[in-house]
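Letters A, B, ... mirror the listed sequences (proteins, then strands); counts begin at 1.
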Amino acid sequence: MQWVGSACVLTASTGLGFYKAERLRKRVETLRSIHAGLQLLDTEIAFSATPLPRAMARVSRTCTPPGAALFEEVARALEARPDAGAGAHWEAAVLRRCQDLALQSVDAEVLVQFGRTLGLSDREDQRKHIRLASERLAVQERQAAREAAERVRMWRSLGILGGAAVVVLLM
Amino acid sequence: MAQREDRQWSWEDGSGAVPGVILRLLPERVRTALSVGVSRGLRDVEEIRVRRDQPVQICAPGWEGFLTVQGRVTRRPAEGIVTPAAEVMHILQGLSQSSLYALEEELRRGYLTLPGGHRVGIAGRAVVAGGRVQSQVDITGLNFRVARPVLGVSRALAPWLLDAPGKPASVLVLSPPQCGKTTLLRDLAHHLSAGIWHPTVPPLKVAVVDERSELAGTFQGRRHHDLGPRTDVLDGCPKAEGMMMMVRSMSPDVLVTDEVGGEADIAALMEAVGSGVTVLASAHAAGLKEASGRPALRPLLEGRIFHRYVVLSRRQGPMTVEGVFDGAGRRLKSEGTSPVQRAGSDGRPRAGSPG
């Protein structure tokens, strides 16, 4: 009985540690893919002035996984209700997806601020806003990568060792 | 949402009410008021004008006024539904699919064409560079112009527009704005291209030089008017250059272009007629006399490029034919006949637009 309990505690704490580590890693991946997605969006706007519903759909098809979901959601929302404005759809999608994309509130803030300018001005202006958001995302991405490098191992070890410590204390 | 509205408005086709494609773009309150108005007998709306912080204006043949929340039309501006800046912005978002940058060309021109050929005029603050309008910002006024289906106008005129049996004459359509010049040209192009214009005229190859994307109603790469199966469209190209390009490269029987005037246009027209192509064109003028008074048009008339002139007015509604004249200015067809048949009276209508 005691052994079974110990195994449960150990599994739970190890799982928690790995989950924390995974979130850190996923944040980096998400930021990277959204960053790449914005570059694709920039190309769509700069070279063919593609309207946002189509541009977002195209980006979601070519973008890498975690971030693609965000673009896809915005594309779908825009297709259904274009008059509500791209900014509103973008903000709603960012806030809804924040949790599963492992984004922190700072990251979400950068994206939401970018969304407020989306589709509201001419091409040149749109490109400026995309560039600005890209730069800010790059900063977040570097910071997230640093954090991940430092803490992924820590969380994993902490999970296993913490569980082991609890087991030892209880025994 | 869109589907629900489609169903809601599907009954209105051809009944003289406001088309769904326009209604969908309008703010909720305006949409509701209009639908109430339509159920109370509001008919033949030609224009819905939305201005920032001003009441919504409705124009129809012979009357105009401001739309109230109850769906009535009043002459008192204070009772109308006022559209604030946010609502105008919403309409623009809907028009541009939330992508104003994709409308650069349309903003520069000052209007865009909706599916069905309806047109939206746009007025804001022009951004000028090098003496030319580059774009518009701070949009304050939108004018939805409803396109009404017109049936067989050009066929009714066919007997007067033949040079010889089997050969259509070069025609210049003259009228003030909003009398149906473009609609008549479009109708001619469609019927000539489909070979259903006149029993003696075989189907012809038609080339359309559409500088302002009005004839074919091109919007974001899609064409909204059916110009017939033998028609090639050169979209957005300056007229003079475009006419020469089409004559050289597409070997048309008929060349159609809108709103001619200016030396370069006239030279190109002469070139085209000289090479045996039938030219159909339009120009702004109230009549032949007025046209010969316009310096930009006088050489066109003196050069006898066109063998027929059709003068349109709005005396009995849009597309009232004031007269058909031959190349020398002699009247061929009596005045005051309106070949316009409203849709719904028979058959399936084709869309046309005022202007």
Are any non-hydrogen side-chain atoms of A:Leu120 and B:Tyr101 less than 4.5 angstrom apart? no
Turns out that what part of A:Thr50 lies under 4.5 Å from chain B's heavy atoms comes down to backbone
From [X] [atom1] over to [Y] [atom2], what is the distance, rounded to the nearest 0.5 angstrom?
X: A:Asp122; Y: B:Leu103; atom1: CG; atom2: CG; result: 12.0 Å
X: B:Glu104; Y: A:Glu124; atom1: CD; atom2: CD; result: 8.5 Å
X: B:Ser99; Y: A:Arg123; atom1: OG; atom2: CZ; result: 12.0 Å

Return yes when atom [atom1] of [X] has more than 12 non-hydrogen atoms of other residues, nucleotides or ligands closer than 6.0 Å, and no otherwise.
X: B:Glu241; atom1: CD; value: no
X: B:Arg132; atom1: CZ; value: no
X: A:Arg23; atom1: CZ; value: yes

Top of A:Ala49, A:Gly87, A:Ala55 for chain B proximity - count of heavy-atom pairs under 4.5 angstrom: A:Ala49
Of all the heavy-atom pairs spanning B:Gln93 and A:Ala86, show the shortest one and how long it is. OE1-N, 4.3 Å
